[in-house]
> 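Quick one: the structure is below, and I'll ask about it shortly.
A quick note: this is a predicted structure, and the numbers were derived from the prediction, not measured. So that the names make sense, note that chain A is the first sequence line, chain B the second, and so on, each numbered from 1.
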Amino acid sequence: MSNVSLIIGREFNARVRKKSFIITTLLMPVLMLGLMVAPALIMEFSRGDEKRIAVIDESGLVAPELQDGDELSFETTDLSLEEARRELTDRFGVLFIGGDILANPNDVRLYANSTSSIVVESNITGQIERILEAEKLRGYNIENLSQILDEVKTSVSMQTFRNDKSQEEDSQAQSSIVATVLGYVLGFVLYMFLLIYGSMVMQSVIEEKNSRVLEVMVSSVRPFDLMLGKILGVALVAVVQILVWGVLICGIGGLVLPQLMPADVLAGAQAVQAGMPDAATVEGLNPEMLQAVAAMTDMGYVVKIFVCLLLFVFGGYLLYSAMFAAVGSAVDSVQDASQLQMPITLPIILALLMMLAVIKDPDSQLAFWFSVIPFTSPVVMMARIPYEIPWWEIVLSLAVLYASFVGMVWLASKIYRVGIFMYGKKPTFKELAKWIGYKY
Amino acid sequence: MDLLTVEHVVKQYARHKALDDVSLTIPRGSVYGLLGPNGAGKTTLIRIINRITAPDSGRVLFGDREIRPADVLRIGYLPEERGLYKKMKVGEQAIFFARLKGLSRREAVERLKQWFVKFGIEGWWDKKVEELSKGMAQKVQFIVTVLHEPELLIFDEPFSGFDPINANLLKEEIMALRDKGATIIFSTHNMASVEEICDHITLIDKSHNILSGRVDDIRRRHGSNIFEVAFRGEEDALRRAIEGRCEILEGAPEESAYRTLRLQVENDGEVRSVIAAVNEAVELRSFREIIPSMNDIFIRAVAGTL
């Protein structure tokens with residue numbers, strides 16, 4: 001058995017046997033699902049206090065038509081504006097509407113007794129706009145106006161297909177919303193993995209240096225093997241974690257979800273998967289949700305994303321952890337490392353920012369180039385993959401990523417060799433650069 | 001037959017020369033002391049022998065050919081700065097290190113069991129290293145160093161951190177390893193232990209090899225013809241008898257059952273006549289040459305007054 005594989009085995013076992021690893025690995029998917037459900041739950045529970053707004057309507061047009069919503073309720077008052085502002089302090093605020101509101105729609109004021117919010121304001125302006133529009137329409141004296149308006153009201157749900165992929169009719173509908181959300185999630189997962197597992201390598205190097213095990217180790221193995229073994233050992237932990245998550249999510253998607261979903265939702269999702277859903281099966285169901293369920297229960301799609309996730313996590317992690325290892329070797333404590341970490345964490349953060357830009361337009365030049373540059377490609381590319389981008393781009397991105405990993409390991413090992421025997425001083429970037437030139 | 005030969009090794013670091021044209025030969029089966037003040041270059045030399053770093057010029061021969069990467073499997077190194085993985089269990093960790101040195105798992109377990117029994121630490125197998133005291137961890141470290149039965153053992157300050165009883169136990173084990181044929185390089189500042197266990201030494205100071213050879217030879221060579229005479233009788237008579245033949249070194253004589261005087265005899269030819277004169281004047285109980293201790297030689301060599 002070679003020394004590298006012995007070291008990989010040690011690093012892997014030391015981490016996987018930890019209780020904290022087992023717990024996070026098993027709980028994370030549950031937590032993620034919880035996070036998806038949480039916003040809905042928070043919405044449900046935060047509705048509690050209703051905001052009451054006193055209305056002074058000098059035009060008499062708006063007040064009767066204002067509708068109470070989940071959060072806002074309106075009540076007209078006969079007080080003058082001054083009196084209302086002075087006395088009705090238990091209300092959320094006083095809404096004043098000018099007498100000539102039709103001609104001068106800007107004559108609307110809200111005197112809030114506490115902080116106002118965009119949600120409240122847009123609710124009020126939206127309602128007033130609707131009322132004024134209706135009022136103006138009525139001025140044209142059209143017969144059966146309300147009936148006509150009801151009949152005219154239409155809701156469109158569009159299904160997007162990739163024409164360049166397949167001209168066949170049964171190709172699966174793609175929802176941009178599903179892809180966007182998935183892109184965000186995957187981009188963030190990549191970002192987290194790079195940072196967490198990368199700094200895990202760094203901490204482990206610092207720990208070895210501090211406990212002086214390094215001195216013992218290097219008398220048996222080459223420093224390069226030691227560094228590579230550590231990087232690969234931790235990588236193996238990451239891969240196992242993703243595999244467990246993949247199995248859990250596939251399991252939930254493929255087995256548990258169909259049991260929980262109402263039959264009509266499932267039938268709709270299957271219709272979406274199969275191609276053109278007919279109006280009867282999907283009637284009354286939210287098309288976005290159908291497509292999300294369809295994507296989650298479509299094994300081919302899920303497996304493809306997980307394979308890409310594995311490849312990009314692995315490659316991106318290798319690249320970054322090599323840099324983290326070099327930094328770890330150069331310092332004596334995690335505190336000292338923060339300054340040297342800057343050039344590592346900056347590209348990761350840049351990648352995250354780029355991801356946010358790219359996800360809006362996944363086929364742009366910007367998106368292409370940042371998913372080729374190895375420092376940003378794992379995060380950016382992963383965010384694009386749900387959009388079904390061409391295979392050659394993925395392959396190119398991976399090739400560049402893995403090639404630059406090899407270069408980075410070579411460079412990092414030079415710094416590592418020198419760094420592990422340096423104690424007691426904080427090196428500068430200039431010194432690190434000099435170490436690369438040292439010969440051993 | 002030499003096990004290890006270092007030839008004209010030079011190692012330059014960014015600002016200083018750690019080793020400047022250092023040569024030495026280590027005979028097979030010897031206990032070889034590598035001495036020198038802090039920062040003299042001992043650790044660098046040991047790292048070069050261990051192939052942790054490479055020399056800028058010069059070479060290291062293992063047996064009769066240049067040292068190769070695979071030769072580290074035939075070397076055991078106990079660094080001065082000891083270290084084990086704190087969170088790992090003792091047994092598991094020892095197996096890990098043994099396998100890095102090329103032992104199979106089965107072999108490693110077998111030998112470890114024997115060593116654990118020998119040191120009376122069978123109960124530690126499943127303990128984590130962080131639960132052990134410093135001295136206990138050092139014992140484990142020693143076992144890890146010698147487990148693969150290397151031909152060359154390098155100990156850097158092996159006794160630091162041990163109580164006298166365990167230091168003695170360790171010394172006996174080291175001697176037993178030598179008797180089994182291992183060659184031992186022993187880097188230390190502790191001159192008493194050098195006299196006790198080393199048969200050869202090299203003294204490195206300021207990156208140079210300033211003194212090499214057999215311990216006995218060196219001590220004899222650096223004797224300065226000082227003799228101690230123990231006697232019974234009149235001191236004045238003695239002083240009169242040897243006046244002119246040699247110099248009497250004043251100073252408090254050592255506590256002993258007899259009166260003693262220290263004499264410096266200028267040349268070897270006169271030793272016999274001095275003894276004869278002493279014998280005439282007083283009742284001579286002993287007459288011995290004072291051979292300098294390694295400690296004296298070390299200090300004088302480093303100070304440049306040897």
> Side chain, backbone, both or neither: which part of Arg17(A) has a heavy atom under 4.5 Å from chain B?
side chain
> Specify whether Phe375(A) and Tyr320(A) have parallel, tilted or perpendicular ring planes, treating 30° as the upper limit for parallel and 60° as the lower limit for perpendicular.
perpendicular
> Which atoms of Leu100(B) come close to chain A, meaning under 4.5 Å heavy atom to heavy atom: side chain ones, backbone ones, both, or neither?
both
> Looking at chain A, which one of Asn50(B), Ile75(B), Leu84(B) has the largest number of heavy-atom pairs inside 4.5 Å, strictly under?
Leu84(B)
> For Ser207(B), which residues count as a side chain to side chain contact (heavy atoms under 4.5 Å, CB included) partner, sequence neighbours excluded?
Asp20(B)
> Centres of the Phe21(A) and Phe12(A) rings: under 6.0 Å?
no
> Examine whether an atom of Gln141(B) lies under 4.5 Å from a heavy atom of chain A, and if so say whether it belongs to the side chain, the backbone or both; otherwise answer neither.
side chain
> Please state whether the side chain, the backbone, both or neither of Val221(A) comes within less than 4.5 Å of a heavy atom of chain B.
side chain
> So which part of Glu80(B) gets closer than 4.5 Å to some heavy atom of chain A, the side chain, the backbone, both or neither?
neither
> Other residues, nucleotides and ligands only: do more than 12 of their heavy atoms fall within 6.0 Å of CE on Met175(B)?
yes
> What part of Leu214(A) gets closer than 4.5 Å to chain B, counting heavy atoms only: side chain, backbone, both or neither?
neither
> If you look only at distance, which donor and acceptor atoms sit under 3.5 Å apart when one is on a side chain in residues 112-135 of chain B and the other is two or more places apart or in another chain?
residue, atom, partner, partner atom, Å
Glu131(B), OE2, Lys128(B), N, 3.3
Ser133(B), OG, Met136(B), N, 3.3

> Angle class for the Phe155(B)/Phe142(B) ring planes (parallel below 30°, perpendicular above 60°, tilted otherwise)?
parallel
